[in-house]
Participant: 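Structure below; questions to follow.
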Amino acid sequence: MMKRKLTWIHVMFIIFLLVGERKTRASEGCHPQDLMGLNAFKAQIHVDTSGRLQKWIGYGCCKWEGVSCSNLTRRVTEVRLPGLLSTSDFILQTEMEGKLSPSITLLTSLEVLDLGGLVSLAGTIPASIGFHLPELRKLYLYGNNLSGTIPESIGKLSKLEELCLHENHLSGQLPWSLGELLNLNRLLMYTNRFSGPIPASLTNLTNLVTLDLHENSFTGHIPEKIGSLQTLEELDLSNNRLSGKLPVSLANLTSISVMYLDTNFLEGEITFPSSYGKMPSLEFLRLSDNHLSGRIPLAFGNLVSLQRVSVANNKLEGAIPSTIGNMLSVTEMYLSGNQLSGQIPKSIGRLSRLLFLSISNNQIQGELPSEMSSLENLQTLDVSFNRLNLSTIPKWLGEMPSLYRIFLAGSGITGSIPEFLQTTPSPIFELDLSENHLTGNIPSWLGSLDRLYSLNLSRNSLVSNIPDTITNLQDLGVLDLHSNRLTGPINQVFNIKSRFQDGSLTYIDLSDNKFSGGIDDIDKGAQTKVQYLNLSHNYLTGKLPVSIGNLNSMRSLDLSYNGLGLNLPVSFANVTFLQRLKLQRNRFIGVIPDGFLKLRKLRELNLSDNLLVGEIPFGKPLSEFPMSSYSGNKGLCGKPLPPCKA
Ligand SMILES: *[C@@H]1O[C@H](CO)[C@@H](O)[C@H](O)[C@H]1NC(C)=O
Ligand SMILES: *[C@@H]1O[C@H](CO)[C@@H](O)[C@H](O)[C@H]1NC(C)=O
Ligand SMILES: *[C@@H]1O[C@H](CO)[C@@H](O)[C@H](O)[C@H]1NC(C)=O
Ligand SMILES: *[C@@H]1O[C@H](CO)[C@@H](O)[C@H](O)[C@H]1NC(C)=O
Ligand SMILES: *[C@@H]1O[C@H](CO)[C@@H](O)[C@H](O)[C@H]1NC(C)=O
Ligand SMILES: *[C@@H]1O[C@H](CO)[C@@H](O)[C@H](O)[C@H]1NC(C)=O
Ligand SMILES: *[C@@H]1O[C@H](CO)[C@@H](O)[C@H](O)[C@H]1NC(C)=O
Ligand SMILES: *[C@@H]1O[C@H](CO)[C@@H](O)[C@H](O)[C@H]1NC(C)=O
Ligand SMILES: *[C@@H]1O[C@H](CO)[C@@H](O)[C@H](O)[C@H]1NC(C)=O
């Protein structure tokens, strides 16, 4: 009896539960198909560092974190689980490990799927996505470890507005020539897990506003009909392996605002805009690092909204069209690394908003047009390495109100460093006059350029000491004076009074000059952040200070071809980041300190042609360098040289 009664109560309880359950389900409103889809998605994720999926329990999936349902149908309409969580106080990068379950296609009312930036999320885009998610408007799968192709069926998602698949390992077929294959083997390890180009069916998505596929390995051509995406505002296909020509239809993208096609293998001519009034909203255009050829189209001048444009590092030729003077919104223009010729058009002076202009590494001739002097907002001017035969730096350049980064390398400048540089309206921050024909002194007024961060006067014919005033350059980070005929001591450089406690200099190249004298003690409080120091090919003498061990950021140290001598300081062992050490052709004596074995990052060592003796300390990395790293030292022995005699 007892038993039966209990069972009765039990059954009642279960019925009660079921009814309650149904009520709960109805009120929480989770459709069983959605529930199944979400649970199957969760089951494929083994790690969720955000802890969100852990709380996905029970039946009321509409209340789960990251899930939203329609009030009317109670179907799941949004799944938003971005990896980057931000509140007003913090930003947290979370990760999901596991595979994207194809069961996500059970959520047939889904409008937004945001699984962006989950870092480790692997798997593929379900092939049938286009047949099952007809309501999808936003698909964010960027910043993951997804692979495979974009399925052809994506072209059926006719409501899709945003497709963001960037920074994954999605890739395409690789029609590489053998030569390129050899180069790419290394890359393929990470990326070549898929095949297939950007599907042409994408061009059927006539509601698309954003298409972001950058940093994947897509191959093949840009779909010919891309121009039919009349609502497209942002197109980013950069950093892929796309080839072929720019589709003519690009000119038909009437709503386009951002177009990044850079860093691919695109070729042929720039075909847009086709006429005036086309692409009226284009603001940001990057075509750089491709194989584009032909001229910069005259019609570029019609891009009246263009703010930033880069066509750098292509094979563009011919003159810069004077119509660029009509791009009145432009603030940054990158034309470097092409074969542009002719003169810089005078009309450039009309670009009153221009902040940045780089035309370096082309074949531009003639003078800089004086109209440029009216570029009152120009901050950076780089015309290095053209066929400019400037002789002198035009005086108006020193009067440009905003200019503070000046690159005039390889510009045929003769005479001495012009004095007007000390009175520029904006204090000079970067100055590159390298590879010219400058003669005379490094003037002592240089020390008054107290905002100077980078100074490159290398490859000229300067004859003088480094002026003592250089110690006033409290922001100096990069100093390159190599290949001149400079004389005297070098220690002023280490005594530059930086505004920072351990200095601001990271790069010093004084090589290939006629500097003499010794290397003084390098105080702990002085310039000790240096990463690159090259004093080779000078007449330096004396011993290396023990304090060389204070240069504990050093990556590359070259003191070769000098007259430095005595023992190698034991303190070298403290320069633990050292990757390259070149001391050949000096007069170092004594043994190689055992402490050199602590230089575990060392990849290049040359101690040849000195007077070193004794056994090379045995072990990594010292024993693994070639013999020529040690040759020409009569007293050295041990691996890699012949063994020492007992
Ligand atoms: C759905 O209901 C919630 C709460 O009643 C309300 O805040 C929300 O605006 C509604 N959403 C729609 C799309 O009607
Ligand atoms: C991405 O997936 C590959 C295997 O497909 C795996 O080897 C790699 O570790 C994954 N990367 C991350 C960041 O999870
Ligand atoms: C675009 O859609 C039309 C009509 O549905 C279809 O006939 C065509 O094949 C689609 N185009 C592509 C490239 O998939
Ligand atoms: C551009 O659009 C025009 C008008 O809509 C159309 O006639 C032309 O064929 C399109 N051109 C391309 C290359 O798609
Ligand atoms: C550069 O100009 C100077 C004088 O302005 C001239 O003597 C010289 O021949 C020119 N050099 C080249 C390479 O055109
Ligand atoms: C200085 O200019 C030379 C010649 O133009 C160049 O090779 C070198 O890399 C430049 N130095 C730095 C630090 O950029
Ligand atoms: C140091 O300068 C010399 C002469 O300018 C150059 O040949 C050498 O490659 C430079 N060393 C390093 C490590 O860059
Ligand atoms: C290396 O650095 C440590 C800690 O700064 C210091 O105690 C030691 O004397 C240094 N060694 C040499 C050989 O300079
Ligand atoms: C070391 O320098 C000498 C002389 O400059 C050179 O012949 C030799 O090839 C160099 N060895 C290495 C490993 O760099």
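Atoms within a ligand are numbered from 1 in the order they appear, just like the ligands themselves.
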Participant: For Ser608, which part has a heavy atom under 4.0 Å from ligand 9: side chain, backbone, both, or neither?
Facilitator: side chain
Participant: Does Arg451 count as lying over the ring of Phe429, i.e. NZ or CZ under 6.0 Å from the six-ring centre, within 45 degrees of the axis?
Facilitator: no
Participant: Establish, yes or no, whether the cationic atom of Arg585 lies under 6.0 Å from the six-membered ring centre of Tyr561 and within 45° of the ring axis.
Facilitator: no
Participant: Sequence neighbours excluded, which residues qualify as ring-ring contact (aromatic ring centres under 6.0 Å, His included) partners of Tyr507?
Facilitator: Tyr532
Participant: Between the side chains of Gln365 and Arg387, does any donor sit under 3.5 Å from an acceptor?
Facilitator: no
Participant: By number and element, which atoms of ligand 9 are closer than 4.0 Å to a non-hydrogen atom of Ser629?
Facilitator: 13 (C)
Participant: Applying a heavy-atom cut-off of 4.0 Å, say which part of Phe385 lies close to ligand 6: side chain, backbone, both or neither.
Facilitator: side chain
Participant: For Pro626, counting its heavy atoms only, list the atoms of ligand 9 lying under 4.0 Å from any of them.
Facilitator: 13 (C)
Participant: Side chains of Leu438 and Asn484, heavy atoms from C-beta outward: is any pair under 4.5 Å?
Facilitator: no
Participant: After noting the C-alpha distance and the side-chain angles of Leu583 and Leu568, does the key distance pass the side chain to side chain contact (heavy atoms under 4.5 Å, CB included) rule?
Facilitator: CA-CA 10 Å; Leu583 302 176; Leu568 294 173; 3.7 Å; yes
Participant: Which atoms of ligand 6 sit under 4.0 Å from any heavy atom of Val478?
Facilitator: 13 (C)
Participant: With only distance considered, is Arg585 within less than 3.5 Å of ligand 9 through an N or O on each side?
Facilitator: no
Participant: Could you list which atoms of ligand 6 come closer than 4.0 Å to a heavy atom of Ser434?
Facilitator: 2 (O), 3 (C), 4 (C), 5 (O)
Participant: His214 vs His166 aromatic rings, parallel, tilted or perpendicular, using cut-offs 30° and 60°?
Facilitator: parallel
Participant: Report, in ascending order of atom number, the atoms of ligand 9 lying under 4.0 Å from any heavy atom of Gln584.
Facilitator: 2 (O), 5 (O)
Participant: Side chains of Thr487 and Asn465: any donor to acceptor distance under 3.5 Å?
Facilitator: yes
Participant: Quiz question: by atom type and distance under 3.5 Å, do the side chains of Asn264 and Asn240 form a donor-acceptor pair?
Facilitator: no
Participant: Would you say Gln307 and Glu283 are linked by a side-chain donor-acceptor pair, where the criterion is simply a distance under 3.5 Å?
Facilitator: yes
Participant: Taking a 3.5 Å cut-off between nitrogen or oxygen atoms, can you list every pair linking ligand 7 to the protein, with distances?
Facilitator:
unit_1   : atom_1 : unit_2 : atom_2 : d
ligand 7 : 2 (O)  : Ser511 : OG     : 3.0
ligand 7 : 2 (O)  : Asn534 : OD1    : 3.4
ligand 7 : 2 (O)  : Asn534 : ND2    : 2.3
ligand 7 : 2 (O)  : Ser536 : OG     : 3.3
ligand 7 : 5 (O)  : Ser511 : OG     : 2.8
ligand 7 : 11 (N) : Asn534 : ND2    : 2.9
ligand 7 : 11 (N) : Asp558 : OD2    : 2.7
ligand 7 : 14 (O) : Tyr532 : OH     : 2.6

